[in-house]
Amino acid sequence: MSIMTITGHKYHYGTFPQDFLWGVSSSAYQIEGGWNADGKGPSIWDTFTHGINTIPEVANGDVACDSYNRLDEDLFMLGALKVKSYRFSLSWSRIFPDGRRSSLNQNGVNYYNRLIDGLLARGITPMVTLYYWDLPQALQDIGGWESVEMIDLFNDYSDFCFATFGDRVKFWITFNQPHTIAWAGYGTGAMPPNVNNPGTAPYIVAHNLIKAHATAYHTYDDKYRASQGGLVSIALDADWVEPYDVTVHREILAADRALQFRLGWFAHPIFKNGDYPEAMKEQVRAKSDLQKLTGSRLPAFTEEEKNFIMGTADVFCINHYTTKIVNHLTDELTPASYQFDRDIVENEEPNSPTTVIWGQRAVAWGLRRLLNWIKEEYGDPDIYVSENGAATDRGMTWDDIDRVFFYKTYIDEALKAYELDGVKIKGYIATSLLDSFEWLHGYIYAFGLHYVNFNDVNRPRTPKFSQSKVCKHWSRSKASSHVFLLSSFLFLD
Ligand code: BGC
């Protein structure tokens with residue numbers, strides 16, 4: 001494939017296959033509310049938002065979209081959207097309030113049973129994330145993801161979920177964005193549990209997360225796969241990174257390093273050989289030497305662990321939002337930091353439209369390149385875009401034309417990857433079903449296909465223009481025998 005083919009920004013008309021998994025996403029802390037309802041235990045996000053809360057408007061997820069009490073409304077919206085799949089997450093501390101099986105809260109199980117059954121009754125495939133950042137506070141109190149104990153605890157929770165919901169759930173995602181957990185949670189400390197230890201903690205946390213993922217995968221394999229026949233994966237995240245100058249070897253290496261440190265950190269062990277990318281091992285070893293440490297800050301897997309980790313995902317799930325331009329930079333040695341270990345600097349892609357979130361430009365062509373990179377790097381796996389979407393201002397109740405443009409162009413680049421490049425893309429999940437708690441942004445930005453009025457106690461949901469577009473889109477693809485008419489997305493009606 002020539003660079004010319006993939007840089008062309010022309011609109012491509014074509015079809016995804018009939019069984020393509022179209023869906024929308026959400027996550028427990030972002031939408032459920034009911035933070036202490038019916039026996040739910042606190043998570044680290046409850047502790048953070050109730051403590052020294054630096055989120056705009058001191059926002060929290062105490063009520064959020066109130067989906068814990070408004071399940072029927074969510075199901076109604078999903079039914080109206082005619083999606084094939086709904087990606088949501090389970091709140092660990094709603095099921096096990098203190099993180100352990102002995103604290104089982106049947107009310108939490110009942111809630112997720114109603115959700116799953118409601119989806120199946122509407123012909124919607126549940127795509128279930130086991131861990132979407134809301135660690136039970138009781139487990140943070142014993143060290144959280146810095147502790148190896150978490151591997152068994154996560155495995156027991158996963159085992160319970162497979163046993164309880166796996167007769168109906170056939171698509172499992174262990175972790176959402178382990179990179180965010182490791183770096184934002186334990187490196188910068190911007191997110192809970194707010195550990196600011198950028199040189200070592202992210203590597204230790206990632207090491208434990210990878211082992212926890214692999215352990216849960218093997219539990220599914222050993223105990224459930226034969227009878228339940230589902231898929232297990234992990235939702236990784238990456239921006240596409242474009243070298244600042246593709247004619248300069250050093251810049252190409254820098255861009256590759258950026259991808260290895262972000263995506264390869266987790267994908268290389270799981271999808272390739274059980275071990276971290278060479279570039280990452282070399283960088284961290286070299287920096288650690290210069291820092292006069294006795295060993296590398298990047299922990300090593302034993303041969304046994306590598307064999308255990310390698311191949312522990314049935315499909316590749318990727319969350320993607322934007323593209324950056326990368327330069328080589330020989331970075332600082334002090335303080336020791338994952339960020340400086342990479343020897344890169346990232347900038348915005350200057351020619352694409354901005355969105356309301358700083359640094360999140362809508363660079364649709366980056367998705368196609370990222371999908372191609374994954375295909376080449378990880379042996380042509382089946383790929384699901386497990387999150388993709390754009391923010392608009394929260395007051396946007398109907399006229400979200402920017403979001404329509406974002407989806408139209410990004411989906412078209414995914415279609416090019418599928419039809420022109422032969423990438424085995426199997427599904428696309430739009431983020432998100434409804435406006436919700438956007439983590440450190442609170443409620444000031446909104447990703448939803450539905451507007452939610454957070455000032456109204458009833459949290460009424462209103463479809464946006466983008467919702468009407470995807471809704472027509474999906475219903476057409478269902479009605480017609482085998483075609484998915486992408487062109488209908490913007491131009492028809
Ligand atoms: C997170 C989503 C969030 C989105 C926008 C992603 O990285 O996975 O939960 O809605 O960013 O803030």
Side-chain angles (χ1 to χ4, degrees), residues 23-33 43-45 48-49 54-57 59-61 64-65 67 86-91 127-135 173-185 187-188 190-192 209 233-240 262-263 265-266 317-324 346 354-363 366-367 370 384-394 396 400 402-403 406-407 410 428-452 454 464 466:
V24 287
S25 74
S26 73
S27 83
Y29 189 72
Q30 290 181 279
I31 66 162
E32 283 179 5
S43 80
I44 56 175
W45 274 89
F48 172 60
T49 54
T54 51
I55 297 170
E57 300 165 340
N60 60 46
C65 307
S67 288
Y86 178 44
R87 180 175 172 218
F88 64 94
S89 79
L90 305 177
S91 156
M127 188 188 276
V128 178
T129 308
L130 288 161
Y131 185 87
Y132 209 116
W133 307 354
D134 47 355
L135 182 71
I173 292 173
T174 54
F175 292 99
N176 184 65
Q177 300 190 187
H179 180 276
T180 310
I181 303 167
W183 178 238
T188 65
M191 283 190 176
L209 290 171
S233 188
I234 178 168
L236 304 179
D237 65 293
D239 298 340
W240 171 246
R262 175 82 176 257
L263 187 56
W265 191 3
F266 303 92
C317 293
I318 184 76
N319 295 358
H320 173 72
Y321 290 88
T322 193
T323 284
K324 299 279 166 55
E346 287 174 308
T354 53
T355 68
V356 291
I357 298 190
W358 186 85
Q360 293 227 346
R361 291 197 184 228
V363 193
L367 173 58
L370 180 63
Y384 290 80
V385 176
S386 38
E387 279 181 25
N388 183 231
T392 48
D393 285 319
R394 97 173 113 197
M396 198 72 82
D400 61 339
D402 290 350
R403 177 169 294 103
F406 181 96
Y407 281 132
Y410 269 78
Y428 175 96
I429 309 295
T431 297
S432 52
L433 170 65
L434 66 179
D435 293 348
S436 57
F437 176 79
E438 283 304 332
W439 309 110
L440 299 177
H441 298 301
Y443 297 97
I444 59 172
Y445 303 132
F447 279 77
L449 297 173
H450 297 83
Y451 163 74
V452 177
F454 293 103
K464 299 183 192 175
S466 55

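We number each residue from 1, following the sequence as shown. Whatever order the structure lists them in is the order used to number ligands and atoms, beginning at 1.
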> So, N319 versus N176: side-chain donor-acceptor pair below 3.5 Å or not?
yes
> For each nitrogen or oxygen atom of ligand 1, which protein N/O atoms lie closer than 3.5 Å, and how far apart are they, rounded to 0.1 Å?
from	atom 1	to	atom 2	distance (Å)
ligand 1	7 (O)	Q177	OE1	3.1
ligand 1	7 (O)	Q177	NE2	3.1
ligand 1	8 (O)	Y132	OH	2.9
ligand 1	8 (O)	N176	ND2	3.4
ligand 1	8 (O)	Q177	OE1	3.0
ligand 1	8 (O)	E387	OE1	2.9
ligand 1	9 (O)	Q30	OE1	3.1
ligand 1	9 (O)	Y132	OH	2.7
ligand 1	9 (O)	W439	NE1	2.9
ligand 1	10 (O)	Q30	NE2	3.2
ligand 1	10 (O)	E438	OE1	2.8
ligand 1	10 (O)	E438	OE2	3.4
ligand 1	12 (O)	E438	OE1	2.7

> Only one of T431, T129, L433 forms a side chain to side chain contact (heavy atoms under 4.5 Å, CB included) with S25, so which one is it?
T431
> Quick one: do the Y321 and E387 side chains pair a donor with an acceptor below 3.5 Å?
yes
> Using the test ring-ring contact (aromatic ring centres under 6.0 Å, His included), find all partners of Y443 that sit at least two apart in sequence or belong to another chain.
F437, F454
> If you take the centroid of each ring, where Trp contributes its six-membered ring, are W240 and H320 closer together than 6.0 Å?
no
> Between the side chain of R361 and the main-chain N/O of T323, is any donor-acceptor distance below 3.5 Å?
no
